[in-house]
Amino acid sequence: MPEGHTVHRHARQQRKELVGHALATDVVQDRFAASAARLDGQVLTDVEAWGKHLFQTWEGGDVVHVHLGLYGKWRRQPAPPPPMRGAVRLRLVGPTRAWDLAGATACELLGPDETDAIVARLGPDPLRPEADPQRFLDRVARSRAPIGTLLLDQTAVAGIGNLYRAEILFLQGIHPERPARDLRPQEREGLWVETVHQLRLGLRRGKIVTRRAAEVDVTPSRLPRSEAHYVYHRDTCRVCGGPIRRTELAARRIDLCPRCQPRRPRRDHTPPVPPEP
DNA sequence: CGATTATGATTAA
DNA sequence: TAATCCTAATCGC
C-alpha cells in the first residue's frame, strides 16, 4: 500500500536495474497483452515518479503509466524469474532482475501528450527537486475545504496518502477539520516542511516511521510498526496519552488527538513534538 | 483456513 | 455514496 515515497523508490531502483537495457516482457492478464508484445525487446530509457504515478519511457516514445492504487504491487524478482504468480499485469525482465506488476489500478500505454496531461493535473511533489511549495501554500490559503481533505487531494500536493496525512497533521498539531484557509501562514509552511521531511525519510528508509528519531533507542528503520506512529491506528496518543478520535474525511478514516490537535488553537499553540533538526 | 482490513482513486448512480 | 480493481498481512477459529 504505497504512498509517494514507495513509488519514488521503485523508480530509483528500476532506473538502476532496468534502464538502458532491452527488456523482455510478459503478461498473464490479457488486458495488457498487446501493449506488452509491442514493448518486448525495446530499450527502457527512463523511469520517473510523480506523486503516486510512475512513468516508464521506452525507446520508441511509448510511456507506460502505472498507478498502484490501494493494493497494487511491484514484485522484484531474480533473473531469470520464477513462473508468474497471480494476475500479473506486466513483467519486465532485465539482465539481473525482473519486475512483476500485480493488482495495479492503472497500467496503460500512453503517448507523451497523455503523460503531460496527467502530470499537469498533479500538485507539487515534495520529493521532486523542482517542486514549487508556493502552489501548495496558495491552495491552502484559499481553500474552504478541511485541511485533512486537501492533503489527500493530489492536485494540491502529490504523494501524501492516508497514513502520512494523519501523522503530518499530528506532528504539526493541526486539527484535520480546520478549514484550510484559516491556517496561519506559519502553519501552512510547517505542513509543507514536515511533508518534505517525512517523505524524504520514507524514501530513504523504505518504510513509514514518523516518530522523531530522538524519541527512540533503535535505528528508526528497525522500529516495529506498532512503535512507528503517533496517532495512526492507535487508541491513545503517543505524546499525551489521551484517547485518539477516529473520524472520516475525504471518504477515508483519519485518527487524531483532540488535545494535541485543538480545533481552535491558542495563539501560543506549539506542535506536540519538537521539529527534527 | 476463511474473514477482514488496508498507506488509492476512478467511475457509475 | 457505493462499487470496483483483486494483493497480502493479520486475526480469530
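Naming convention: chains lettered A, B, ... in sequence-line order (proteins, then strands); numbering from 1 in each chain. Keep in mind it's a predicted model, so treat the numbers as computed, not measured.
Contacts classified as salt bridge (charged side-chain N to carboxylate O under 4.0 Å, His left out) and involving residues 85-96 of chain A (residues at least two apart or in different chains) are given here: Arg91(A)-Asp100(A). Within the structure, the ring-ring contact (aromatic ring centres under 6.0 Å, His included) test picks out the following pairs touching residues 231-277 of chain A (sequence neighbours left out): His229(A)-Tyr232(A).
Among the heavy atoms of the strands lying under 4.0 Å from Tyr232(A) are primed sugar atoms or P, OP1, OP2 only; no base atom is included. Note on His229(A): nothing from the nucleic acid sits closer than 4.0 angstrom, heavy atoms only.
Looking at residues two or more places apart in sequence or on another chain, you find no salt bridge (charged side-chain N to carboxylate O under 4.0 Å, His left out) involving Glu189(A). Arg205(A) is linked by a side-chain hydrogen bond (donor to acceptor under 3.5 Å, both in side chains) to nothing, counting only residues two or more places apart in sequence or in another chain. Thr219(A) pairs by the side-chain contact (heavy atoms from CB on, under 4.5 Å) definition with Ser221(A), Arg222(A), not counting sequence neighbours. Partners of Thr195(A) according to the side-chain contact (heavy atoms from CB on, under 4.5 Å) rule, which considers only residues two or more places apart in sequence or in another chain, are Pro126(A), Ile160(A), Ile168(A), Leu199(A). Applying the side-chain hydrogen bond (donor to acceptor under 3.5 Å, both in side chains) rule to Asp26(A) yields no partners; only residues at least two apart in sequence or on another chain are considered.
Not a single donor-acceptor pair under 3.5 Å links the side chain of Glu187(A) to the backbone N or O of Leu183(A).
Chain A approaches DNA chain B within less than 4.0 angstrom (heavy atoms of the protein), and the contacting nucleotides run 5' to 3' from dA6(B) to dA9(B).
Salt-bridge check for Glu177(A) with Arg264(A): failed, with every basic side-chain N at 4.0 Å or more from each acidic carboxylate O.
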Summary of protein contacts for nucleotides 1-10 of chain C, nucleotide by nucleotide, where a base hit scores B, a sugar-phosphate-only hit scores S (4.0 Å, heavy atoms): ----BBBSSS
Pairing string, 5' to 3', for DNA chain B - Watson-Crick or wobble contacts under 3.5 Å, brackets [ ] where pairs cross, | to another strand: ||||||.|||||.
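Here the side chains of Leu39(A) and Asp62(A) are in contact, with some heavy-atom distance below 4.5 Å.
The stretch residues 107-124 of chain A has no heavy atom under 4.0 angstrom from DNA chain B at all. For the segment residues 199-212 of chain A, residues with any heavy atom less than 4.0 angstrom from an atom of DNA chain B are, sorted by number, Ile208(A).
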